[in-house]
Engineer: 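Below is a structure I'd like to ask you about.
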Amino acid sequence: MSTEAAVGESARSRWRLVWFLAVAICAIGVFLAVKDSLIDDAYITLAYVRNVAENLHWGMIPQEISNSATSPLNVLLLAAVTAALRVAGGIHPVWALGVVFVGSILVAAAGWAKIGRALRLSWWAPVVGTIVVLVDPFVLSATGLEVHLMAAAMIMLVALAAEGRPVWFGVVAGLALVIRLDLVIFVVVIAAFVSAIRRRLGIAALVAVLVSAPWYVFSWFYFGSAIPDTFAIKTLAGAFNDTWTYVDGPLWYLEMADARVATIISFTLAGVGVLALIGWTI
């Protein structure tokens, strides 16, 4: 490597370090701002986490084993971090949530950086993309659930597809399936539309199965069901309150005065993303 190239690589490394430090600091600040307003479903997840971390017991209450955690990987990660934090004394699942939250944002930032390099985008694309993931009101409202893990996994899937790395794509795809089984829709769509993955679809699919199968096999034999109860319930329900579905659900939020601004912001950001994608492809 020439001296000029070495200097350039050193400068890029310094900027990457500054970038990730800035993302980490912002993510910590955002988590501290939202940690005292977690929704009830988040605390249900943290109840699972506490039981797993303390007694390797999979269930919301100590007396019953239940297969109702929609995102197994979210519970496993939170429980692992909670157990690790016990060296500081006590069980602190909320602080474990903070670690996983910041880690997910950093993975999303790394994925965006990869996408920027692979597609030769302007420097602001990864910056804006990461900020959108971090401050989206809808996503923040579900902090404690698997939403930030989902975002990190989807961004990294796109990044690895853009780099043409089918094996690592399969690894992340397998993890995505353990985050939430319905993410298979996005895995299939990304794999189908990126030629570098589609040409080696067999190896990508095999790796994804090898990564995700251990959990589903364990779940089948231990719980008597490969998929969580809540996944089947939510899939078969069709509508919430016998009225609203995932299609017209945003209209419900628009009718709620205290959620109207957040809804407008979230869907405006999504719309801007769609327009940016269209503008980039034409």
Engineer: Got a sec, which residues hit side chain to side chain donor-acceptor pair (under 3.5 Å) with S122, two or more places apart in sequence or on another chain?
Structural biologist: W124

Engineer: Measure the shortest side-chain to side-chain distance between H148 and T143 over non-hydrogen atoms and say whether it is less than 4.5 angstrom.
Structural biologist: yes

Engineer: V135, V100: one ILVMFWY side-chain cluster at the under-4.5 Å cut-off?
Structural biologist: yes

Engineer: Start with the C-alpha gap between S141 and I39, add the side-chain angles, then the distance that decides, and say whether side chain to side chain contact (heavy atoms under 4.5 Å, CB included) holds.
Structural biologist: CA-CA 7 Å; S141 70; I39 60 174; 5.7 Å; no

Engineer: Work out which heavy atom in A173 is nearest to a heavy atom in V187; give both atom names and the distance.
Structural biologist: CB-CG1, 3.7 Å

Engineer: If we ignore hydrogens and angles and just use 3.5 Å, is the side chain of R198 paired with the main-chain N or O of A192 as donor and acceptor?
Structural biologist: yes

Engineer: Quick one: does T82's side chain have a donor or acceptor within less than 3.5 Å of a partner on L78's backbone?
Structural biologist: yes

Engineer: Transitively linked via ILVMFWY side-chain contacts under 4.5 Å: W220 with V184?
Structural biologist: no

Engineer: Among L97, V23, I28, find the residue that satisfies the side chain to side chain contact (heavy atoms under 4.5 Å, CB included) test when tested with V102.
Structural biologist: I28

Engineer: Rounded to the nearest 0.5 Å, how far apart are CD1 of I185 and CD1 of I190?
Structural biologist: 12.0 Å

Engineer: Taking all non-hydrogen atoms of both residues into account, name the closest pair between V107 and A152 and its distance.
Structural biologist: CG1-CB, 3.9 Å

Engineer: Taking V178's backbone N and O only, do any of them form a donor-acceptor pair with S212's side chain (distance below 3.5 Å, no angle check)?
Structural biologist: no

Engineer: Distance from Q63 atom CD to H57 atom NE2, nearest 0.5 Å?
Structural biologist: 7.5 Å

Engineer: Look at the side chain of Y216 and the backbone N and O of L177, then say whether any donor-acceptor pair between them is shorter than 3.5 Å.
Structural biologist: yes

Engineer: Do other residues, nucleotides or ligands put more than 12 heavy atoms under 6.0 Å from W215 CH2?
Structural biologist: yes

Engineer: One pair to check against side chain to side chain contact (heavy atoms under 4.5 Å, CB included): W95 and L85. What are the steps and the verdict?
Structural biologist: CA-CA 8 Å; W95 291 118; L85 291 178; 4.2 Å; yes

Engineer: Quick one: do T70 and E146 satisfy side chain to side chain contact (heavy atoms under 4.5 Å, CB included)? Show the steps, please.
Structural biologist: CA-CA 9 Å; T70 308; E146 61 274 10; 4.1 Å; yes

Engineer: So how far is it from I25 CD1 to F20 CZ, rounded to the nearest 0.5 Å?
Structural biologist: 13.5 Å

Engineer: Hey, what do you get for CG (N74) to CG (L149), rounding to the nearest 0.5 Å?
Structural biologist: 5.0 Å

Engineer: Just wondering, more than 12 heavy atoms not from W19 lying within 6.0 Å of its CH2?
Structural biologist: yes

Engineer: Identify the two heavy atoms, one from A53 and one from R86, that lie closest to each other, and give their separation to 0.1 Å.
Structural biologist: O-NH1, 3.7 Å

Engineer: Is there a donor-acceptor pair closer than 3.5 Å between any side-chain N or O of Y48 and the backbone N or O of Y43?
Structural biologist: no

Engineer: Are any of the side-chain heavy atoms of L38 and L46 separated by less than 4.5 Å?
Structural biologist: yes

Engineer: How far apart are the closest heavy atoms of G164 and A196, and which atoms are they?
Structural biologist: CA-CB, 3.6 Å

Engineer: Count the heavy atoms belonging to other residues, nucleotides or ligands that lie under 6.0 Å from CZ of F218, then report whether that count exceeds 12.
Structural biologist: yes

Engineer: Do R50 and H92 touch side chain to side chain, with heavy atoms closer than 4.5 Å?
Structural biologist: no

Engineer: Would you indicate whether the side-chain heavy atoms of F169 and M156 approach each other to under 4.5 Å?
Structural biologist: no

Engineer: I'd like to know if V147 and I265 are part of one continuous hydrophobic network [Ile/Leu/Val/Met/Phe/Trp/Tyr, side-chain heavy atoms within less than 4.5 Å].
Structural biologist: no

Engineer: To the nearest 0.5 Å, what is the distance between OG (S68) and CD1 (I44)?
Structural biologist: 9.5 Å

Engineer: Which heavy atom in A162 sits nearest to a heavy atom in L119, and how many Å separate them?
Structural biologist: CB-CD2, 4.2 Å

Engineer: Return the set of residues passing ring-ring contact (aromatic ring centres under 6.0 Å, His included) with F31 (not counting sequence neighbours), or none when no residue passes.
Structural biologist: F101

Engineer: Which atoms form the tightest heavy-atom contact between T130 and A108, and what is the distance?
Structural biologist: OG1-O, 4.5 Å

Engineer: With heavy-atom distances below 4.5 Å as the criterion, would you say the side chains of V217 and P214 are in contact?
Structural biologist: no

Engineer: Hey, any chance W168 and I155 share a hydrophobic cluster, counting ILVMFWY side chains that come within less than 4.5 Å of each other, even indirectly?
Structural biologist: yes

Engineer: Given 3.5 Å as the limit, does a donor-acceptor pair link the side chain of S71 with the main chain of I179, or not?
Structural biologist: yes

Engineer: Whether the side chain of D41 engages the backbone of L145 through a donor-acceptor N/O pair (distance < 3.5 Å, no angle test) should be reported.
Structural biologist: no

Engineer: So, using side chain to side chain donor-acceptor pair (under 3.5 Å) as the criterion, who are the partners of N51 when residues are at least two apart?
Structural biologist: none

Engineer: Walk me through whether I65 and Y222 qualify under side chain to side chain contact (heavy atoms under 4.5 Å, CB included).
Structural biologist: CA-CA 10 Å; I65 294 175; Y222 190 74; 3.4 Å; yes

Engineer: Do the side chains of P137 and S266 get nearer than 4.5 Å, heavy atoms only?
Structural biologist: yes

Engineer: Assigning hydrophobic clusters by single linkage (Ile, Leu, Val, Met, Phe, Trp, Tyr; side-chain heavy-atom cutoff under 4.5 Å), is L157 placed with I203?
Structural biologist: yes

Engineer: Between atom CZ of F267 and atom CG of D136, what is the distance when rounded to the nearest 0.5 Å?
Structural biologist: 9.0 Å

Engineer: Just wondering, do L121 and I115 contact through their side chains at under 4.5 Å, heavy atoms?
Structural biologist: yes

Engineer: Would you say that L76 contacts W58 through its side chain, given a criterion of any heavy-atom pair below 4.5 Å between the two side chains?
Structural biologist: yes

